[in-house]
Q: 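Encoded as structure tokens, here's the structure I'll be asking about.
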Amino acid sequence: MTRIGVVVFPGSNCEYDALAAVTALGAQADFIWHSETSITDFDGVILPGGFAHGDYLRPGALARFSPVMEAVANFAKEGGPVLGICNGFQVLTEAGLLPGALQKNRGLTFICEPTTLIVESTRSVLTRGATKGQELVIPINHFSGAYTCDDETLRSLEENDQIALRYRENPNGSVGDIAGVSNVAGNVVGLMPHPERAMSTLLGSADGRVLLDGFVFAPALAR
Amino acid sequence: MNFPVIVTVTLREGIADPEGATIERALPALGFTGVTHVRAGKSFRMTIEAADEASALEKATALAERLLSNPVIEDASASIGTSAIGGSA
């Protein structure tokens, strides 16, 4: 059975949502405490939302020194699927596993609302089940969610097809309306919106399913 | 020797600074006109044990680049302070 690890830092607060989403898709999910030094027997790893280490200094700045991050980096280097959601995305950029950085929203407000995303690339482990150009309604919930990078990085993101998702209407000042990016290989991906909170029409949207389903069962397809 | 060191972290030129922009827009309302190019940032004070000023600054710069700033969006600079606040340097 496909088994997904959900990394828990002190201050994470979306780990149960991630666990429930993965379980709802029919896979097994288990927590990985941040002090673990190895990741074995997992088909994929999720870094959930929250405020790892209190977001002290900068979101993700201290989490990147948690022992588990070296294991996550090794897992990613071997091609393992890694997904960072919201704070998890911030951690992945701070750790250098994804390009760019997330800074304070334009307008300096905490934004919690549904957003419409456009699938830009289906090459990443998160978007492989979706269709290019597909629109997905998925909520955001963040203060530091403005994706930022220099022009050179933006060009290379576009050239290498690393922009997984864009906002239809930019809510936070992100460069290039970027909502989610992947690494060059496509196996590490981060996004500010919360697909794990868009799993049921009863709760507003089930559009997160196509993303997480692609991510969770990607390893099973590859092996 | 112990050296009081101040590390200042600001967003790099060209990186949007919504905090600085908001402060700049608020100033005229208080009667402060002619203030432009406001950039918000962080300042860290510390005491560093080193052989001389140069090596204290070198250490401060290294730790600022490794932890206190995110080089993707921020610049860090270190200088010798006059005294450490609340410290015993």
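Reminder, nothing fancy here: chain letters follow the sequence lines and each chain counts from 1.
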Q: Take a 6.0 Å sphere around CZ of A:Phe143 and say whether it holds more than 12 heavy atoms from other residues, nucleotides or ligands.
A: yes
Q: So which part of B:Leu67 gets closer than 4.5 Å to some heavy atom of chain A, the side chain, the backbone, both or neither?
A: both
Q: A quick test of your reading: do over 12 heavy atoms of other residues, nucleotides or ligands sit less than 6.0 Å from CD of A:Glu135?
A: yes
Q: Looking at B:Ile15 and A:Thr148, what are the two nearest heavy atoms and their distance?
A: CD1-CG2, 3.7 Å
Q: Atom CD of residue position A:Glu70 - does it have more than 12 heavy atoms of other residues, nucleotides or ligands inside 6.0 Å?
A: no
Q: Should we count CZ of A:Phe51 as having more than 12 external heavy atoms under 6.0 Å?
A: no
Q: Tell me, yes or no, whether the heavy-atom count around A:Lys77 atom NZ, taken from other residues, nucleotides or ligands under 6.0 Å, exceeds 12.
A: no
Q: Does atom OH of A:Tyr56 have more than 12 heavy-atom neighbours, drawn from other residues, nucleotides or ligands, at distances under 6.0 Å?
A: no
Q: Can you measure from CD1 (B:Ile73) to CG (A:Asp150) and round to the nearest 0.5 angstrom?
A: 11.5 Å
Q: Is it the case that over 12 heavy atoms from other parts of the model lie below 6.0 angstrom from the CD atom of B:Glu58?
A: no
Q: Sub-4.5 Å heavy-atom contacts with chain B: which residues of residues 97-127 of chain A show up?
A: A:Gly100, A:Ala101, A:Gln103, A:Lys104, A:Asn105, A:Arg106, A:Gly107, A:Leu108
Q: Measure B:Arg66 against the heavy atoms of chain A and call it side chain, backbone, both or neither at under 4.5 Å.
A: both
Q: Please say whether more than 12 non-hydrogen atoms of neighbouring residues, nucleotides or ligands are located less than 6.0 Å from CG in A:Asp151.
A: no
